[in-house]
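Treat the numbers as computed from the prediction; the structure is a model and nothing was measured. Every heavy atom of this structure was used, including side-chain atoms; hydrogens, water molecules and symmetry mates were not.
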Amino acid sequence: ALMAYLLHDSALQVTDVKANLTLDVRLDGTGNLEAVVDGVLPMLALSRGEEQLLIEGGRIQGTVQIGDKTVGISLTQLELEYPRLEATGMFSYDENRQDIQLAINGSRIDAASVRRVALGLLGESKTTRNIFKIIRGGYVPWMTVRIRGQRIAELGLLDNIVIKGRMTKGKIFIPGAQLNLDDVIGDAHISEGILRGANLAAQMGNSGGRKGEMTLGLNKDLAPFQLKIDVNADLSQLPPVLGRVVRNKDFLKELALIRDVKGTATGVLTLGDDLASLNAEVEASNIHLTAHYKRIPYAVKIDGGHFNYGGTRLAFDNFNAAMGKSSIRRVAGDVNWAKAPVFSARSGRALFHFADISPLIFSYKNISTALDRFKPISGSLAFERMAVSSPVWTPSFERVSLSADIEQLRLHSKRLPGPLRVDEGKFSWRKNRFTLKEVDASLGNSTIARLSAGFDLGKSPTFEIHSQSVKLVAD
């Protein structure tokens, strides 16, 4: 009868109860009642509509005071085996003042079992669903709940709820990015419908995060949302995460060409704004990465450097990279796909063997068409410095700036009687101008020494050529 009175304005009802309780009831003769409750509650069956749930293994101590349109409950001890929790608290109801207050101090709480009970009994509550859509499990050593309203039905409104607590061994799910975080540790504060997490640490597979902060609106859209956390990352998990948060189709097409990613990095991950269209920002350093890229026959290895990704821009600095026998040092650059994606890069010394890079060069149609007559190409180019700016998906030579030493370069063409051999020399490329210096070359038995040449491939193509020695032999 007491529970029916207290819950008369609620869909939650008691359907069965097994209890061994001692009640010390006192009446003061004016209609006021005070009851001291002490005992065990082996089973309490609750229902909300068709939902049924058992609460088991209870131990309870407290007092109940009922007056003229007032109810006061003081809970000095509550222990449950299922859902696992311990709590103390108070409840007050004053019909004249239209004031209801609920305060709970909880400890030793198993979040997974509380989640099952809460969703089973309060699944129609958007607040409950939104909270436990994120929280999937964990251990709560302490928490406090403060709720205030004018009617029982208002106790579920987010603006009336303040919750503080700490979690360990947590399981958290981030919609949008579809991230499952394990071993979550941190402090939580819910007020005005916003969940704020601080001092967060978590695991995602082999990646670990610490010093995290999270903001999450517990409304229909779960907005606003932001997660910022320091990460020790397992880079094998990076491609699937980028695949979920990046929307650019061309970027995703290239991402699909990358496989067998291995390595580690440290940095900061920021996810935010809106879970429905999640944005990501990544700052990383101490990068050690190996991966296979379908356009290249060898694994690419990257060490050191700094990496930044956010919005429509990806930037990198001070990388050292190698593939096959080729290597490049102090690489820096960026990719911006705000409109027509553009790639810019510069580097220090680089050594490219054509056996390593030919598949990449000839994978782009416009470059392949220009150089197709010279396949196969062998030899190497040693760059002292290099700068490149080009559309990402349709590379061209028009915005290339570079200089290099040529070593044992071989060009083949059906139009030549044999391979064109360039044993040594220097060349540079600035926009449309191509320059050769100190080139020693041969074709069959014909030779040319100390060649200097310039080619301007602008609107009115011109060229000039000088050589110290030329020997022509008709083969």
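In this structure Phe225 satisfies the ring-ring contact (aromatic ring centres under 6.0 Å, His included) test with no other residue, sequence neighbours excluded. Listed by chain and number, the residues in a side-chain contact (heavy atoms from CB on, under 4.5 Å) with Asp182 are Lys171 (sequence neighbours excluded).
Within a 6.0 Å radius of CD in Gln61, other residues, nucleotides and ligands contribute more than 12 heavy atoms. Heavy atoms from other residues, nucleotides or ligands lying under 6.0 Å from NE2 of His306 number 12 at most. The environment of CD in Glu192 is sparse: at most 12 heavy-atom neighbours from other residues, nucleotides or ligands sit within 6.0 Å. Within 6.0 Å of CZ in Arg166 there are more than 12 heavy atoms belonging to other residues, nucleotides or ligands.
Taking 4.5 Å as the limit, every side-chain heavy atom of Thr63 sits out of range of all side-chain heavy atoms of Ile73. Side-chain atoms of Val37 and Leu23, non-hydrogen and from C-beta on, do get closer than 4.5 Å to each other. The side-chain heavy atoms of Ile135 and Ile172, taken from C-beta on, include a pair separated by under 4.5 Å. Side-chain contact between Ile55 and Leu46 is present, with at least one heavy-atom pair separated by less than 4.5 Å. In this structure, the side chains of Val184 and Thr168 stay at 4.5 Å or more apart for every pair of heavy atoms. The side-chain heavy atoms of Leu289 and Val261, taken from C-beta on, include a pair separated by under 4.5 Å. In this structure the side chain of Leu27 never reaches within 4.5 angstrom of the side chain of Asn32, judged on heavy atoms. Side chains of Leu119 and Thr128 form a contact here, defined as non-hydrogen atoms less than 4.5 Å apart.
Taking all atoms of both residues into account, the shortest heavy-atom contact from Gly205 to Gln237 is CA-NE2, 3.5 Å. Across all their heavy atoms, Ala284 and Ala265 have their closest contact at CB-CB, 4.5 Å. Closest non-hydrogen pair, Gly186 versus Leu200, comes out as CA-CD2, 3.7 Å. When all heavy atoms are compared, the tightest approach of Asp260 to His292 is OD2-ND1, 3.6 Å. The heavy-atom pair separating Arg116 from Leu53 by the smallest distance is O-CD2, 4.4 Å. The shortest non-hydrogen separation linking Leu75 to Ala87 is CD2-O, 4.2 Å.
For Tyr93 and Arg151, the side-chain atoms include no donor-acceptor pair closer than 3.5 Å. The closest side-chain donor-acceptor pair between Gln226 and Thr215, if any, does not fall under 3.5 angstrom. Side-chain N/O atoms of Asp334 and Ser344 include no donor and acceptor closer than 3.5 Å.
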_side-chain hydrogen bond (donor to acceptor under 3.5 Å, both in side chains) between Arg146 and Asn160, intermediate numbers included_ = CA-CA 8 Å; Arg146 301 291 183 267; Asn160 297 330; over 6 Å; no

*Passes side-chain contact (heavy atoms from CB on, under 4.5 Å), Met43 versus Asp16? Steps please.*
CA-CA 8 Å; Met43 186 272 289; Asp16 193 9; 3.4 Å; yes

*asked:* Apply side-chain hydrogen bond (donor to acceptor under 3.5 Å, both in side chains) to residues Asp234 and Ser207 and explain how you reach the verdict.
replied: CA-CA 5 Å; Asp234 174 4; Ser207 298; 5.3 Å; no

*Are Thr264 and Leu235 close enough, and set up right, to give a side-chain contact (heavy atoms from CB on, under 4.5 Å), and what steps lead you there?*
CA-CA 5 Å; Thr264 59; Leu235 295 179; 5.6 Å; no

*Could you check Leu181 against Ile174 for side-chain contact (heavy atoms from CB on, under 4.5 Å), going step by step and ending with a plain yes or no?*
CA-CA 8 Å; Leu181 305 180; Ile174 306 297; 4.2 Å; yes

*Might you work through the side-chain contact (heavy atoms from CB on, under 4.5 Å) test for Val114 and Ile109, ending with a clear yes or no?*
CA-CA 8 Å; Val114 171; Ile109 299 169; 3.6 Å; yes

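Within the structure, the salt bridge (Lys or Arg N to Asp or Glu O under 4.0 Å) test picks out the following pairs touching residues 27-44 (sequence neighbours left out): Asp38-Arg59.
Looking only at distances, a side-chain donor or acceptor of Arg115 sits under 3.5 Å from a matching main-chain atom of Phe132. Between the side chain of Asp356 and the backbone N or O of Lys325 there is at least one donor-acceptor pair closer than 3.5 Å. A distance-only check finds no donor-acceptor pair linking the side chain of Asn318 to the backbone of Gly305 [under 3.5 Å]. With hydrogens and angles disregarded, no donor-acceptor distance shorter than 3.5 Å links the side chain of Gln52 to the backbone of Ala45. A donor-acceptor pair under 3.5 Å is absent between the side-chain atoms of Thr270 and the main chain of Lys228, judged by distance alone. Of the possible polar contacts, one joining the Asn320 side chain to the Arg330 backbone as a donor-acceptor pair under 3.5 Å is found.
Taking CG of Asn286 as the reference point, atom CG of Asp303 lies at 10.5 Å (rounded to 0.5 Å). The CD1 atom of Ile60 sits 7.0 Å away from the CG atom of Leu21 when rounded to the nearest 0.5 Å. Considering CZ of Arg196 and OG of Ser191, their distance stands at 5.0 Å, rounded to 0.5 Å. For the atom pair CZ of Arg26 and CD of Gln65, the computed distance is 11.0 Å after rounding to the nearest 0.5 Å. Annotation: the span from Asp187 atom CG to Asn199 atom CG amounts to 5.0 Å, rounded to 0.5 Å. To the nearest 0.5 angstrom, Asp317 atom CG is 6.5 Å from Arg346 atom CZ.
Under 4.0 Å is where a charged nitrogen must lie from a carboxylate oxygen, and between Glu86 and Arg84 at least one such pair does. Salt bridge present: Arg148 and Asp99 bring a charged side-chain N and a carboxylate O closer than 4.0 Å.
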